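Heads up, the thing below is written out as structure tokens.
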Amino acid sequence: MENSPDDYLMLENVPSIGIIGFQKVPEGKSVKNRMHLDLDVTDIEVAVASSTRIGATRHGMVHEEPTNFFQVMSDPEGNEFCFILRK
């Protein structure tokens with residue numbers, strides 16, 4: 001299977017990490033989530049738009065907590081993750 005640019009999202013210059021890549025795969029989900037990612041972003045709506053273009057799903061609206069805002073998302077297999085915007 002040849003991947004198109006829409007099959008891959010790369011987040012560069014992630015503090016303390018460097019680069020995180022997300023890639024679509026043809027196999028279906030076979031196990032429960034093994035981890036949950038909380039990803040700090042500078043703009044939740046830009047992050048949502050980038051991830052939904054490659055198949056992620058937004059769940060509900062942005063939530064506000066005392067120290068941050070967060071948006072629950074899931075990848076095409078249903079693995080949940082959150083975009084976090086610190087106050």
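The structure displayed is predicted, hence computed values, not measured ones.
- By the 4.5 Å side-chain criterion applied to Ile, Leu, Val, Met, Phe, Trp and Tyr, Val72 is assigned to a cluster that also includes Phe70, Ile84.
- Applying the side-chain hydrogen bond (donor to acceptor under 3.5 Å, both in side chains) test to His59 and every residue at least two apart in sequence or in another chain returns Ser74.
- Note: the hydrophobic cluster containing Val48 also contains Val62 (ILVMFWY, side chain heavy atoms under 4.5 Å, direct or indirect links).
- Between Asp43 and Val46 the shortest heavy-atom distance is OD1-N, 3.1 Å.
- In this view, Asp40 and Arg86 satisfy the side-chain hydrogen bond (donor to acceptor under 3.5 Å, both in side chains) rule, not counting sequence neighbours.
- Residues Gly55 and Pro76 approach most closely at O-CG, 3.4 Å, considering heavy atoms.
- Gln71 approaches Gly60 most closely through the heavy-atom pair NE2-O, 3.3 Å.
- Sorted by first and then second residue, the side-chain hydrogen bond (donor to acceptor under 3.5 Å, both in side chains) pairs involving residues 60-69 (not counting sequence neighbours) are Glu64-Lys87.
- Residue Leu37 holds its CG atom at 11.0 Å from CD of Glu80, rounded to the nearest 0.5 Å.
- By the side chain to side chain contact (heavy atoms under 4.5 Å, CB included) test, Leu85 pairs with Ile44, Phe69, sequence neighbours left out.
- Among residues two or more places apart in sequence or in another chain, the side-chain hydrogen bond (donor to acceptor under 3.5 Å, both in side chains) test is passed with Asp38 by His36.
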